Amino acid sequence: MLVRTRFAPSPTGYLHVGGLRTALYAYCFAKQNKGKFVLRIEDTDRERFVADGTQNILKSLYWAGLIPDEGVMFDKNENIIQKGDGGGSYIQSERLDIYKEHADELVKNGHAYHCFCTPERLDELRQFQQLNKLPPGYNGRCRDIDPAEAQKRASQGEKHVIRMKMPKEGETVFNDEIRGEVRFKNELVDDQVIMKSDGFPTYHLAVVVDDHLMKITHIIRGEEWLSSVPKHLQLYKYFGWESPKMAHLPLLLNADRSKLSKRQGDVAVEDYVKKGYLKEAIINFIAFLGWNPGGERELFTLGEIVKEFSLGKVGKSGAVFNLQKLDWFNKEYIKRLPPEELTERAKPFFDTAGIDLTKYPTALALERERVTTLAELPEAIKFVFELPDYEPGLLVWKKSSAEELKNILPALKEFLDTFSVRDWQKEKLESRVGEWIKENGYSVGAVLWPMRVALSGQENSPGPFEIAEVLGQDETLRRIEKAMKNVV
RNA sequence: GGCCCCAUCGUCUAGUGGUUAGGACACCUCGCUUUCAAUGAGGUAACACGGGUUCGAUUCCCGUUGGGGCUACCA
């Protein structure tokens, strides 16, 4: 049987990092089994609907490299298209007639009923239950209305929803791929609304109908859905369908161990993109939140994760979304990026900073091991493009003096002037200046510190020789000359 | 409140009926060094608690505690 997993987000604005991890696991599981990764859009809540929500989600998914095989996807120009034969559209709002048909079937068979209770009455009921510490849930007021009578009232236009009938007895037992056996008493499961009064299905009906029609074999989703499984299983039973296997993933947590939320930090994938995190780092980091292959290796590409992934190795407890670890991953991956690749990925950040990288194309190499995100790069190497103002006192090394400096700087400049353009590279600079320092009896710091400050204008920076190489001989000499003027 | 899930260093985690309980991030110390970063060497730090089962439990069972999720005509 062909494995089919799906990721089914709601277009409410952006892709949540927790959603990205769910998508990643579903993607890995599908790919590993040579199956299909399906993307479905669950837009049955018209109040939370955001117009370009689907576009945003797809953008983030494609950015991360999780490309759907089936369902909703991008064409070459980032237009939203659909592919696959899952019984029509993969966007739920375009499948309303399908859900209606299935809801009607349940009503006809006595597995669901019209409910005419108003939201106000249900509110009161809820409050009453809370106050008296009773189990929550619909009290079944409309459950036993004569079906013919209910049908009549409904067709006369009386506002209503459709609820599924949960059995009053027995247990629903199922085997979660991650958690093992889980059981619920049916009497405690609510008669869930499956069709709203606006003619849209609720999640519970839509997800069951769609997963079946789209031939999903494995449902991989967040733990927040665990408690609605008995409802879904009951619907499968009513329809006479076989249920897919299910895996409920542990949640992603804030530092205080509550469910990861916007209030305590960034949760949108696009936020991390904007901050200059690499997809490799995000994917690797997020994959390891709740899963790891067992060894001591930590750096894995998407392809390697696909190879190693298994639901059995997914943990059961929630994982804190720890930015420090993410930063470490990002640093590692920035270091590993080939220079051309780094340049290309960093370009947008330089564009917004108004820095023309082509003026000093090798400048990035200076800071690639010092920054944690791409977004820090422009600020970090700004000094190459424009020497910042600095206090003349900064030029004096802690163990040296202004007097000594006045001798060293001109001598150094003179010496550097003797280099041919050919020899102007950091290795040669380093070895020859080193010899020169020895010959003249200077201490190393007394020369290199001011040289570095003269070239960078900063207290902290990369080493003087690498900067000199990037700047070129002319600009290097110019900056040393400027330093000479400063100390006088 | 009810139902469900979960529990190894601060965090992410490996692991086993008998281990000096391993790694990574973070933190600290030292080394290298012209600064920072990087890097090398070390260090601090965990089996939530109480009962069982067992010759022996961090590991298996039960309970307690703690945390989380759900409890909508939201997903």
Side-chain angles (χ1 to χ4, degrees), chain A residues 8-10 12 42-48 115 117-119 122-123 126 129-138 159-163 176 178-179 182-185 188-190 192-204 206-207 221-230 248 250-251 253 255-259 285 288-299 313 315-329 331 335 366-372 380 394 397-400 443-453 456 458-464:
Chain A
S10 294
T12 54
E42 310 216 326
D43 57 346
T44 55
D45 184 353
R46 289 174 309 160
E47 295 189 4
R48 295 207 301 163
C115 174
C117 295
T118 62
L122 295 171
D123 270 351
R126 245 192 309 279
Q129 288 166 335
Q130 285 253 327
L131 234 63
N132 293 281
K133 308 197 167 174
L134 293 166
Y138 182 62
K159 219 163 187 218
H160 67 278
V161 300
I162 294 175
R163 288 181 186 273
D176 188 86
I178 290 168
R179 279 149 221 289
V182 182
R183 42 180 70 221
F184 295 84
K185 290 192 183 65
L188 296 169
V189 181
D190 211 2
Q192 185 61 237
V193 172
I194 55 173
M195 287 294 276
K196 308 181 213 176
S197 59
D198 63 3
F200 277 67
T202 60
Y203 172 83
H204 307 281
V207 79
R221 77 225 304 183
E223 193 190 344
E224 68 265 31
W225 294 111
L226 192 58
S227 42
S228 45
V229 169
H248 289 89
L251 262 17
L253 272 25
D256 67 359
R257 305 212 129 259
S258 56
K259 188 176 171 182
F285 169 62
F288 273 60
L289 253 24
W291 170 84
N292 85 62
E296 282 180 357
R297 185 150 81 99
E298 303 235 45
L299 264 17
K313 281 187 172 161
K316 297 177 188 173
S317 42
V320 173
F321 194 83
N322 177 236
L323 277 323
Q324 286 184 319
K325 189 81 182 234
L326 207 212
D327 283 346
W328 176 76
F329 273 115
K331 268 187 145 170
K335 274 191 239 170
L366 294 175
E367 292 288 347
R368 62 141 66 219
E369 290 207 353
R370 284 163 227 269
V371 296
T372 71
L394 191 60
W397 187 42
K398 60 185 173 189
K399 294 182 194 165
S400 180
S443 57
V444 176
V447 176
L448 298 193
W449 172 274
M451 178 176 172
R452 191 183 58 71
V453 172
S456 69
Q458 296 174 346
E459 189 170 359
N460 302 327
S461 79

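Quantities reported herein were computed from a predicted structural model and do not represent experimental measurements. The sequence lines fix the lettering, A, B, ..., with proteins before strands; numbering per chain opens at 1.
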_Distance, rounded to the nearest Å, where A:Trp328 contributes CH2 and B:A37 contributes P_ = 18 Å
*A:Arg297 CZ to B:U13 P: how many Å, rounded?*
18 Å
*Within the structure shown, what part of the strands sits under 4.0 Å from A:Ser317 by heavy-atom distance: base, sugar-phosphate, or nothing?*
sugar-phosphate
_Nearest to side-chain heavy atoms of A:Glu223, which nucleotide of B:C12, B:A24, B:G68_ = B:G68
*Taking all non-hydrogen atoms of both residues, which atom of A:Pro136 and which atom of A:Gln129 are closest, and how far apart?*
CA-OE1, 3.6 Å
*Using both distances under 3.5 Å as the test, list the Watson-Crick or G-U wobble partner of B:A75, or none.*
none
*4.5 Å side-chain heavy-atom contact, A:Arg179 and A:Pro250*: yes
*Answer with base, sugar-phosphate or nothing: what part of the nucleic acid does A:Arg452 contact at a heavy-atom distance below 4.0 Å?*
base
_Nearest-angstrom distance from the residue atom CG of A:Asn292 to P of B:U8_ = 14 Å
Any protein N or O atoms within reach of nucleotides 38-41 of chain B? Criterion: under 3.5 Å, listing atom names and distances.
| from | atom 1 | to | atom 2 | distance (Å) |
| --- | --- | --- | --- | --- |
| B:A38 | OP1 | A:Lys331 | NZ | 3.3 |
| B:A38 | O3' | A:Lys335 | NZ | 3.4 |
| B:A38 | O2' | A:Glu369 | OE1 | 3.3 |

*Between B:C70, B:A24, B:U34, spot the one nearest the side chain of A:Trp449, thanks.*
B:U34
*Base-pairing assignment for B:A41 (Watson-Crick or G-U wobble, both under 3.5 Å)*: B:U29
*C1' atoms of B:C32 and B:A38, separation to the nearest Å*: 11 Å
*Counting only N and O atoms by type, is there a donor-acceptor contact under 3.5 Å from the side chain of A:Lys313 to the main-chain atoms of A:Pro293?*
yes
_Reported CG-to-CZ distance for the pair A:Leu326 and A:Phe321, which is rounded to 0.5 angstrom_ = 5.0 Å
Table of protein N/O atoms under 3.5 Å from nucleotides 27-33 of chain B N/O atoms:
none

*Does a distance-only test, which skips hydrogens and angles, find a donor-acceptor pair under 3.5 Å between the side chain of A:Arg179 and the base of B:C5?*
no
*Counting only N and O atoms by type, is there a donor-acceptor contact under 3.5 Å from the side chain of A:Arg257 to the main-chain atoms of A:Leu253?*
no
*asked:* Nearest whole Å is fine: how far is B:C4 P from A:Leu251 CG?
replied: 18 Å
Taking only nitrogen or oxygen atoms into account, show me every contact under 3.5 Å that the protein makes with nucleotides 73-75 of chain B, one pair per line with its distance.
| from | atom 1 | to | atom 2 | distance (Å) |
| --- | --- | --- | --- | --- |
| B:C73 | O2 | A:Ser197 | N | 2.7 |
| B:C73 | O2 | A:Ser197 | OG | 2.7 |
| B:C73 | N3 | A:Ser197 | OG | 3.0 |
| B:C74 | OP2 | A:Lys196 | NZ | 3.1 |
| B:C74 | O2' | A:Asp45 | OD2 | 2.5 |
| B:C74 | O2 | A:Arg48 | NH2 | 3.4 |
| B:A75 | OP1 | A:Thr44 | OG1 | 2.8 |
| B:A75 | OP1 | A:Lys196 | NZ | 2.8 |
| B:A75 | OP2 | A:Tyr203 | N | 3.3 |
| B:A75 | O3' | A:Ser10 | OG | 2.9 |
| B:A75 | O3' | A:Glu42 | OE1 | 3.1 |
| B:A75 | O2' | A:Ser10 | OG | 2.7 |

*Please name the pair of heavy atoms, one in A:Ala380 and one in A:Glu367, separated by the smallest distance, quoted to 0.1 Å.*
O-OE2, 3.5 Å
_Listed partners of A:His204 passing ring-ring contact (aromatic ring centres under 6.0 Å, His included), at least two apart_ = A:His232
Using residues 192-203 of chain A as the side-chain source, report each donor-acceptor pair under 3.5 Å to any protein atom, sequence neighbours left out, with the distance given to one decimal.
| from | atom 1 | to | atom 2 | distance (Å) |
| --- | --- | --- | --- | --- |
| A:Lys196 | NZ | A:Thr44 | O | 2.9 |
| A:Asp198 | OD1 | A:Phe200 | N | 2.9 |
| A:Asp198 | OD2 | A:Arg46 | NE | 3.2 |
| A:Asp198 | OD2 | A:Arg46 | NH2 | 2.7 |
| A:Thr202 | OG1 | A:Val193 | O | 2.8 |
| A:Tyr203 | OH | A:Arg221 | NH2 | 3.1 |

*Counting N and O atoms only, with roles assigned by atom type, does the side chain of A:Thr372 sit under 3.5 Å from a partner on the main chain of A:Lys331, one being a donor and the other an acceptor?*
no
*asked:* Applying the Watson-Crick and G-U wobble criteria at under 3.5 Å, what pairs with B:C36? Answer none if nothing qualifies.
replied: none
*Select from A:Lys185 and A:Val320 the residue whose nearest nucleotide in RNA chain B is closer to the 5' end of that strand.*
A:Lys185
*How far does the C1' atom of B:A45 sit from the matching atom of B:U29, given to the nearest Å?*
15 Å
*Give, for atom SG of A:Cys117 and atom CG of A:Asp123, the distance between the pair rounded to the nearest 0.5 Å.*
12.0 Å
_Among B:U11, B:A37, B:G68, which nucleotide has an atom closest to any side-chain atom of A:Arg370?_
B:A37
_What's A:Phe184 touching, base or sugar-phosphate or nothing? Going by heavy atoms closer than 4.0 Å._
sugar-phosphate
_Under 3.5 Å for both donor-acceptor distances, Watson-Crick or wobble: does B:G66 have a partner, and if so which one?_
B:C6
*asked:* Nearest whole Å is fine: how far is B:C70 C1' from A:Leu188 CG?
replied: 13 Å
*Give A:Gly463 one of three labels, base, sugar-phosphate or nothing, depending on what nucleic acid heavy atoms sit under 4.0 Å from its own.*
base
*Inspect the surroundings of NZ in A:Lys335 and state if more than 12 heavy atoms from other residues, nucleotides or ligands are less than 6.0 Å away.*
yes
_Pairing partner (Watson-Crick or G-U wobble, both distances under 3.5 angstrom) of B:U20_ = none
*Between CZ of A:Phe285 and CG of A:Leu323, what distance do you get to the nearest 0.5 Å?*
7.0 Å
*P atoms of B:G17 and B:A57, separation to the nearest Å*: 15 Å
*Taking all atoms of both residues into account, what is the closest heavy-atom pair of A:Cys115 and A:Arg163, and its distance?*
SG-NE, 3.3 Å
_Atom-to-atom span, CG of A:Leu226 to P of B:C70 - whole angstrom_ = 11 Å
*asked:* Can you measure A:Glu296 atom CD to B:G15 atom P for me and round it to whole angstrom units?
replied: 11 Å
*What does B:A57 pair with, Watson-Crick or G-U, if both distances are under 3.5 Å?*
none
Polar atom pairs between nucleotides 63-66 of chain B and protein, under 3.5 Å, N or O only, would you list them?
none

*Using the P atom as the reference point in each nucleotide, state the distance between B:U16 and B:G40 in Å, no decimals.*
30 Å
*Using atom CG of A:Asp256 as one end and atom P of B:G10 as the other, report the distance to the nearest whole Å.*
17 Å
*Determine whether A:His248 and A:Val229 make a side-chain contact, defined as any pair of heavy atoms from C-beta on separated by less than 4.5 Å.*
yes
_Suppose we call a contact any N or O donor and acceptor under 3.5 Å apart; does that hold for the side chain of A:Lys325 and the base of B:A24?_
yes
*Counting N and O atoms only, with roles assigned by atom type, does the side chain of A:Asp190 sit under 3.5 Å from a partner on the main chain of A:Gly137, one being a donor and the other an acceptor?*
no
*So, A:Ser456 side chain and A:Gln458 main chain: donor-acceptor pair closer than 3.5 Å or not?*
yes
*Counting side-chain heavy atoms from C-beta on, which of B:U71, B:G68, B:C12 comes nearest to A:Pro136?*
B:U71
*Sugar-phosphate only, base, or nothing, as touched by A:Pro464 at under 4.0 Å among non-hydrogen atoms*: base
*To the nearest 0.5 Å, how far apart are CD in A:Glu223 and OG in A:Ser317?*
9.5 Å
